[in-house]
Amino acid sequence: MLKRLTIWNFALIEHVALDFGSGLNILTGETGAGKSILIGAIGLILGQRSSTETIRSGCEYLRVEAVFDIGANRAAQEFLNENGIINDSDELFIARRLSRSGKNIILANGCRINLAALRLLGRLLIDVHGQNENQTLFEKASQLQLVDSTSKNVKEIRQEYRLLYDVYVAKRQALAEKLRQGADNERQMDILNWQIDEIANSKIAPGEKEELEGKIKRLSNAEKIAEHIGRAYELVEAGENSALSSLSLAIKDIEQLGKYDEKFTKLSEALEQCRIELQESSYEIRDCAEDAESNPQALNELLRRSDEIARLCRKYGPLEQDVLSYYEKILAERDEIENYEAIIASLRKSLEELEPRLNEAAERLTAIRKKNAAQLTELLSAQIRQLGMEYASFKIDVTSAEDYLPTGHDAIEALFSANPGEPLQLVQKVASGGEQSRIALAIKAVAAAKDAPETMIFDEIDTGIGGKTAQKVAERIASIAFEHQVLCITHLPQIAAMADVHFYIEKNVAENRTVTAVKHLSDDERVQEIARMVFGDDLSSLSLENARQMLGAAHEKKDLLQKERRVAYEGQ
């Protein structure tokens with residue numbers, strides 16, 4: 001339940017704070033006073049998008065705060081817990097701030113959340129219904145949801161059906177794809193065989209490209225390598241004054257000194273170790289000199305192989321391993337083509353086995369939906385008759401869809417006829433705006449007894465009605481308010497007279513600035529407002545007395561509706 005709404009710097013509103021009651025909260029005022037601004041502010045709390053254009057002129061930011069009592073709203077509490085939002089009391093505090101600088105903040109119980117999370121949370125808190133939502137209610141998806149919400153076991157059967165449906169669709173798509181590929185199999189087989197042979201005959205190996213590059217680099221520089229290796233070998237071993245010869249002479253001289261001091265013996269041993277290592281290095285230099293001979297034929301062969309590897313990598317992958325992975329892939333593709341008929345037969349068999357199970361689940365859904373639709377037809381027809389359309393006919397029709405759908409095999413349609421003898425047709429085609437509003441109200445009245453959010457908003461759904469019909473609509477909204485908190489914007493005095501809490505919205509000009517203000521009306525002020533709604537601004541004692549009588553009659557009617565409601569509950 002929405003307990004309090006506070007608004008700063010939103011459109012024409014400078015600052016407003018409203019404390020709502022638990023029953024029927026009515027908002028009235030002259031056209032253009034700013035009633036839609038209040039709905040817009042609530043929309044911000046529910047996660048609707050906005051822009052800096054809604055910030056009051058001359059202000060740097062707007063802020064909207066709302067306090068909800070969620071003690072009885074288990075869905076909202078679960079949402080807070082699942083999303084790591086503080087939930088340590090029955091109250092939920094939501095604040096949203098938009099600034100011209102672009103620093104926008106959304107808080108839920110002090111925790112920052114994003115707009116998507118706020119939108120999900122908002123759906124659990126308030127159901128907003130206005131004239132623009134009528135068409136949404138008459139869409140097939142909404143009508144299906146209404147029918148399915150009538151039975152608790154529909155959800156389980158829908159889940160069972162959906163699992164079968166997803167498998168069915170996947171296999172049907174796979175079969176269609178295979179059949180589409182069938183005509184191209186021969187050409188594709190030729191391509192695959194050619195690619196498989198090309199890669200297999202190449203005997204490509206991981207790392208081969210890098211190894212080839214090293215060999216090519218060495219053979220391409222063979223003369224330069226041989227020149228430097230030869231000179232190095234000459235300096236180390238072969239020359240008259242080679243490093244090995246000089247080191248051997250040095251060792252002999254140091255050995256002679258060992259008789260005089262033991263440290264020279266150790267030094268000669270260390271030098272001998274150096275000589276051995278240098279000798280081994282000289283052998284490696286000699287071997288390198290032998291390998292460094294120029295070999296144009298070998299170089300050409302390496303270049304040819306390198307070009308072949310590079311070509312394969314360009315075609316099938318940047319690396320040799322990618323080429324080999326592609327090779328495994330096309331081998332599998334060839335196997336599929338070779339087993340094409342067996343795969344087709346297997347898919348068809350799977351579909352043949354699956355379709356009866358899918359159809360059985362769909363028929364179970366259809367049976368429940370037809371039963372639910374009949375009950376809803378009866379309930380909604382009664383509601384519609386009570387809303388001033390005594391001779392209207394209404395039906396929720398369940399027919400077979402052309403194909404299996406994610407939700408079943410059913411097409412749901414709301415059919416309507418305003419006059420006896422006229423055929424039933426789609427509501428959105430034959431019902432007037434006022435009739436659609438009343439049908440939508442009837443749907444809301446039925447939904448209100450189920451799992452609708454605790455707070456419902458009706459935004460001028462009374463457009464196009466009056467007189468006796470207006471009274472019927474007023475009674476229906478009042479009945480909904482017995483079960484839910486209702487916020488209702490209206491121009492009809494019959495509806496306004498049913499209020500438990502009445503707010504008056506007015507637009508004033510002060511210091512050359514327009515400001516929208518909201519006032520919680522006292523009992524005497526309510527009399528004046530009802531009189532104004534009936535007779536206009538020229539009030540007389542007679543018009544005020546008439547307003548008092550209207551309010552008294554509304555009070556008596558609400559008491560009667562409450563008694564009828566209690567009797568109905570006791571009879572269940």
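If you're wondering where the values come from, they're calculated on a predicted model, not measured in any experiment.
- F458 has its side chain within reach of I480: a pair of non-hydrogen atoms, C-beta onward, lies under 4.5 Å apart.
- Of all non-hydrogen atoms in V430 and F416, the two that sit nearest each other are CG2-O, 3.4 Å.
- Between N25 and L18, every side-chain heavy-atom pair lies at or beyond the 4.5 Å cut-off.
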Could you go step by step and tell me if E529 and R532 meet the salt bridge (Lys or Arg N to Asp or Glu O under 4.0 Å) rule?
-> CA-CA 5 Å; E529 173 60 5; R532 183 197 65 79; 2.6 Å; yes

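- Using modelled atom types, no side-chain atom of R96 and backbone atom of N104 make a donor-acceptor pair closer than 3.5 Å.
- For the pair S151 (side chain) and V154 (backbone), a donor-acceptor distance under 3.5 Å is absent.
- Atom-to-atom distance recorded for E475:CD and I495:CD1 is 11.0 Å, nearest 0.5 angstrom.
- Using a distance-only test at 3.5 Å, with no hydrogens or angles considered, a donor-acceptor pair links the side chain of N73 to the main chain of L124.
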Evaluate side chain to side chain contact (heavy atoms under 4.5 Å, CB included) for L351 paired with L175, printing each intermediate quantity in order.
-> CA-CA 9 Å; L351 285 170; L175 176 60; 3.6 Å; yes

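- Here the CZ atom belonging to F394 is positioned 6.5 Å from the OG1 atom belonging to T377, to the nearest 0.5 angstrom.
- Contact detail for A517 and N508: the closest heavy-atom pair is CB-ND2, 4.4 Å.
- Between the CD atom of Q383 and the CG atom of L379 there is a distance of 7.5 Å, given to the nearest 0.5 Å.
- Atom CG of D538 sits in a sparse spot, with 12 or fewer heavy atoms from other residues, nucleotides or ligands closer than 6.0 Å.
- Taking 4.5 Å as the limit, some side-chain heavy atom of T54 sits within range of a side-chain heavy atom of F10.
- Using modelled atom types, no side-chain atom of D19 and backbone atom of R4 make a donor-acceptor pair closer than 3.5 Å.
- Note on ring orientation: taking the six-membered ring where Trp is involved, the planes of Y404 and Y168 are perpendicular (angle over 60°, cut-offs 30° and 60°).
- Classification of E545 and R548 as a salt-bridged pair holds, one side-chain N sitting under 4.0 Å from a carboxylate O.
- Between the R56 side chain and the N9 main chain, no donor and acceptor come within less than 3.5 Å of each other.
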Could you please spell out the steps behind the side-chain hydrogen bond (donor to acceptor under 3.5 Å, both in side chains) verdict for Q528 and D524?
-> CA-CA 7 Å; Q528 294 184 22; D524 289 341; over 6 Å; no

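- Salt bridge status for E525 with K519: present, with a side-chain N to carboxylate O gap under 4.0 Å.
- The environment of E402 atom CD is sparse: at most 12 non-hydrogen atoms of other residues, nucleotides or ligands sit within 6.0 angstrom.
- For the pair I45 and F68, the minimum side-chain heavy-atom distance is below 4.5 Å.
- Not a single ring-ring contact (aromatic ring centres under 6.0 Å, His included) links H555 to another residue, sequence neighbours left out.
- Counting heavy-atom neighbours within 6.0 Å of D523 CG, excluding the residue itself, gives a total of 12 or less.
- With sequence neighbours excluded, no residue satisfies salt bridge (charged side-chain N to carboxylate O under 4.0 Å, His left out) with E422.
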Verify salt bridge (Lys or Arg N to Asp or Glu O under 4.0 Å) between R513 and E14, making sure each step is shown before the conclusion.
-> CA-CA 10 Å; R513 293 296 305 274; E14 185 174 28; over 6 Å; no

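- When all heavy atoms of K35 and T28 are compared, the pair lying nearest together is CD-C, 3.9 Å.
- With contacts defined as side-chain heavy-atom distances shorter than 4.5 Å, the pair L380/V446 qualifies.
- Atom CG of L347 and atom CG of L354 lie 11.5 Å apart (nearest 0.5 Å).
- Between L561 and S479, the shortest heavy-atom contact is CD1-OG, 3.8 Å.
- Rounded to the nearest 0.5 angstrom, L107 CG and I113 CD1 are separated by 8.0 Å.
- Under the salt bridge (charged side-chain N to carboxylate O under 4.0 Å, His left out) criterion, E177 pairs with R180, not counting sequence neighbours.
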Stepwise side chain to side chain contact (heavy atoms under 4.5 Å, CB included) check, F503 with L38 | CA-CA 11 Å; F503 296 97; L38 281 177; over 6 Å; no

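- Within 6.0 Å of atom CD in E390, more than 12 heavy atoms from other residues, nucleotides or ligands are found, so the atom counts as buried in its surroundings.
- With respect to the salt-bridge test (charged N to carboxylate O, under 4.0 angstrom), the residues D410 and K370 do not qualify.
- Side-chain atoms of E506 never come within 3.5 Å of backbone atoms of E30 as a donor-acceptor pair (strictly under, hydrogens ignored).
- More than 12 heavy atoms of other residues, nucleotides or ligands sit less than 6.0 Å from atom CZ of R119.
- Two residues are said to be in side-chain contact when any heavy atoms from C-beta on lie closer than 4.5 Å; T407 and R158 meet this criterion.
- Rounding to the nearest 0.5 Å places CD1 of I55 at 11.0 Å from OG of S57.
- Residues Q77 and N81 bring no donor and acceptor atom of their side chains to less than 3.5 Å of each other.
- Ion pairing between D166 and R162 holds under the 4.0 Å rule for side-chain N and carboxylate O.
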Applying side chain to side chain contact (heavy atoms under 4.5 Å, CB included), run through L44 and L62 and close with a yes or a no.
-> CA-CA 11 Å; L44 289 181; L62 71 81; 3.7 Å; yes

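- Using a 4.5 Å heavy-atom threshold, the side chains of L80 and L121 count as touching.
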Stepwise side chain to side chain contact (heavy atoms under 4.5 Å, CB included) check, I412 with V398 = CA-CA 5 Å; I412 310 294; V398 181; 3.7 Å; yes

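- Using a 4.5 Å heavy-atom threshold, the side chains of V67 and E91 count as touching.
- Between the K558 side chain and the M498 main chain, a donor and an acceptor come within less than 3.5 Å of each other.
- Not a single donor-acceptor pair under 3.5 Å links the side chain of E413 to the backbone N or O of D397.
- The backbone N or O of V147 lies less than 3.5 Å from a partner atom in the side chain of T150, making a donor-acceptor pair.
- Heavy atoms only, all atoms of each residue included: A547 and V527 are closest at CB-O, 3.3 Å.
- For A95 against E65, the heavy-atom pair with the smallest separation is CB-CG, 3.9 Å.
- Side chain of R476 to main chain of R438: no donor-acceptor pair is present (N/O by atom type, distance under 3.5 Å, no hydrogens or angles).
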